[in-house]
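Below: one structure, written as structure tokens.
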Amino acid sequence: MPPTLASLVQHPALKLTVRAGEDRLDMPVRWVHASELVDPVPYMEGGELLLVTATNLAAADPGAMGRYVRRLAAAGIAGVGFGVGVNYDEVPEALVDAARAEGLPLIEVPRRTPFIAIGKAVSEAVAADQYRAVTDGFEAQRDLTRASLAEGPAALLARLAAHVDGWAALYEPSGGVVAAQPPWAARRAARLGDAAARLAQRRPHTSSVVGDPAADAESTGDRVELQTLGTGRRSGGVLAVGTAGAPGTAARYAVHSAIALLTLTTERSRSLRAAEQRLGAAVLRMLLAGQPDHARTVAGDLYGALLDAPFRLLVAEAEQPAGSPAGDPAADAPLELLAETLEAAAAQAGEPVLVLPDGDGRLVVIAVDGGAAVAVCAGYADRQADEAGLVTGLSAPAGPIATGTAYRQAEQALSVARRRGRALVEHEELAHGSLLPLLADEAVLAFADGMLRALHEHDAKGRGDLVESLRAWLSHHGQWDAAAADLGVHRHTLRYRMRRVEEILGRSLDDPDVRMELWLALKATVGRRAPTLSPECGTA
């Protein structure tokens, strides 16, 4: 620990005597400064022991000493050392009274003790304290390295928590807690998951200091420092260190050592993950090529269990940020975060999962049907859709032999999600739903308007109700009497109108494809206003 006034008073060679501020001798002394200025405050930083002989001070004037001591106390100095036997044979009572009033330690320095001796004592104590801090820091580094190599990140966090006299936690970039030590810190660490996730989106070597968001009777409101890990473009995780106050030098060495070791672990994990992705890509290619047996052989223990039960295939993509150039790495960030979230959920549940960036701004995932990764996917997509423009399509349950079908289903669901502006669409929704919502596509509406435009123009001139007559006739499957009854006209009138429809469109209503297209066009334009006629429109 750094030198204090108490340690200086107890130094046998200095022979110092306390004259005021006896209850504040535990104040650390950062340095020693001698000054005879009436106002030395502008030349001090705080924490110094100020040595004076009162050459220029009215040390016997209570008013002058009151003002002098108040300025020193406000500047945060550790105390005043008054050298007797130079200008005053003893410490002036005015100075003693002022120091007692402000609670400022006042030390009497005997004539035989030179000020430089006090300075050397403090300097030596500061150097010794720094040496101890460095030595303790190197010992902490060795201890953390042994723990990391022998037992992994959890053991490293336990040793780090002991060295800083607090707690430590490791987070996924998504904010999920990987490990926390001591075990009681798990709940405290979980409350900072959102803060860790936000910091992880920034470049590596970034830190921030936060408070416990639920400081109450259970939580003491620790000072928590968050530090990103990794050397790449994106952080590989976040380290949290909770302490009662700002860490000292030795504790800071321990934290820096932990950051370095965890960064090495993160980078090694990235290399392993890259190898796993290459293996996963080979497995997926074989499944899509209809070679499930070969895929199972290649999958081995890593992905083999995934092929033993029904799985879901997921395809996700993120929109390119507005104004960003093509291939901007920022466009991949939402997909990387989704991948990390799904992998973390699967890991916590002990499930296999295959996560592959396809290199074209999309992410392909094969996950256990009904498993944790699929369960968190919908909630995650909803939370991130607005901010990140994330769109996801999910296949129906499938097996290895039907992987190609599942991939097409996921792509179809993705296309529908994109058109409807939804974060996630499951293919089963399309299979059990209706085709009609798909008619809202702008291309379909344009086709419908173009196909029916001539009929609307005819009707707008008051020459009959061909559009509604066609709707009634098609809805009754071409039954003249039923359709005419709905319209309140004679069936011969309806026959005439259908001949006019054929003449105007130039197409035969006997053709089932024509009837289908007309019916879909009518359904697509239900509730939409008929096109406005321009003055140049001719008659039908």
Side-chain angles (χ1 to χ4, degrees), residues 1-133 244-249 252:
M1 60 181 295
T4 63
L5 292 175
S7 65
L8 292 177
V9 170
Q10 294 165 4
H11 195 297
L14 299 179
K15 308 297 183 180
L16 305 179
T17 303
V18 181
R19 297 299 305 275
E22 295 84 350
D23 57 342
R24 297 188 61 188
L25 296 181
D26 58 347
M27 290 286 292
V29 179
R30 292 178 54 197
W31 202 242
V32 173
H33 180 64
S35 174
E36 300 296 346
L37 294 176
V38 174
D39 184 11
V41 168
Y43 305 97
M44 305 181 74
E45 296 180 346
E48 299 94 345
L49 172 62
L50 176 64
L51 301 179
V52 301
T53 63
T55 299
N56 299 317
L57 295 178
D61 183 347
M65 287 300 94
R67 293 187 295 272
Y68 177 74
V69 170
R70 281 194 295 273
R71 286 196 300 272
L72 296 179
I77 71 168
V80 175
F82 190 92
V84 297
V86 180
N87 294 304
Y88 291 86
D89 290 334
E90 59 184 23
V91 182
E93 287 301 320
L95 178 57
V96 174
D97 292 341
R100 286 175 177 166
E102 292 296 327
L104 182 68
L106 177 61
I107 309 295
E108 180 179 314
V109 182
R111 181 74 172 84
R112 63 179 179 274
T113 300
F115 283 178
I116 194 171
I118 300 174
K120 289 175 64 176
V122 170
S123 178
E124 290 170 357
V126 168
D129 183 63
Q130 292 176 341
Y131 178 77
R132 283 193 299 272
T249 303
R252 180 59 60 190

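The figures that follow rest on heavy atoms only: side chains count, while hydrogens, waters and symmetry mates do not.
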query = Where do A78 and P28 come nearest, in terms of heavy atoms and distance?
reply = CB-O, 3.8 Å
task = Check whether any side-chain heavy atom of L5 sits under 4.5 Å from a side-chain heavy atom of R24, and report yes or no.
result = no
message = Among residues at least two apart in sequence or on other chains, which ones pass salt bridge (charged side-chain N to carboxylate O under 4.0 Å, His left out) with E36?
response = none
ask   = Under the side-chain contact (heavy atoms from CB on, under 4.5 Å) test, which residues partner A6, sequence neighbours left out?
value = T4, Q10, L25
request  = Locate the shortest heavy-atom distance separating P62 from A60; write the atom from each residue and the value.
outcome  = CD-O, 3.2 Å
key: Side chain to side chain, Y68 and P40, heavy atoms closer than 4.5 Å   = yes
query = Excluding sequence neighbours, so at least two apart, what forms side-chain hydrogen bond (donor to acceptor under 3.5 Å, both in side chains) with E45?
reply = R30
inquiry  = When you compare the side chain of I118 with that of L16, does any pair of heavy atoms fall below 4.5 Å?
reply    = yes
ask   = Heavy-atom count around I116 CD1 within 6.0 Å, excluding the residue itself: above 12?
value = no
request  = Could you name each residue pair satisfying side-chain hydrogen bond (donor to acceptor under 3.5 Å, both in side chains) that touches residues 73-92, not counting sequence neighbours?
outcome  = T53-N87, T55-N87
Result block: side-chain N/O donor-acceptor pairs under 3.5 angstrom for residues 102-115, not counting sequence neighbours:
from, atom 1, to, atom 2, distance (Å)
E108, OE1, R19, NH1, 3.0
R111, NE, G85, O, 3.1
T113, OG1, L14, O, 2.8

request  = Applying salt bridge (charged side-chain N to carboxylate O under 4.0 Å, His left out), name anything that partners R71, two or more places apart in sequence or on another chain.
outcome  = D39
task = Report yes if the side chains of P3 and V126 come closer than 4.5 Å at any heavy-atom pair, otherwise no.
result = yes
remark   = Sequence neighbours excluded, the answer for side-chain contact (heavy atoms from CB on, under 4.5 Å) partners of A64 is A58, D61, R67
ask   = Heavy-atom distance under 4.5 Å between the side chains of L50 and S35, does that happen here?
value = yes
Interatomic distance, L8 atom CG to L49 atom CG [nearest 0.5 angstrom] = 6.5 Å
task = Mind checking side-chain hydrogen bond (donor to acceptor under 3.5 Å, both in side chains) for N56 and listing every partner two or more places apart, or none if nothing turns up?
result = none
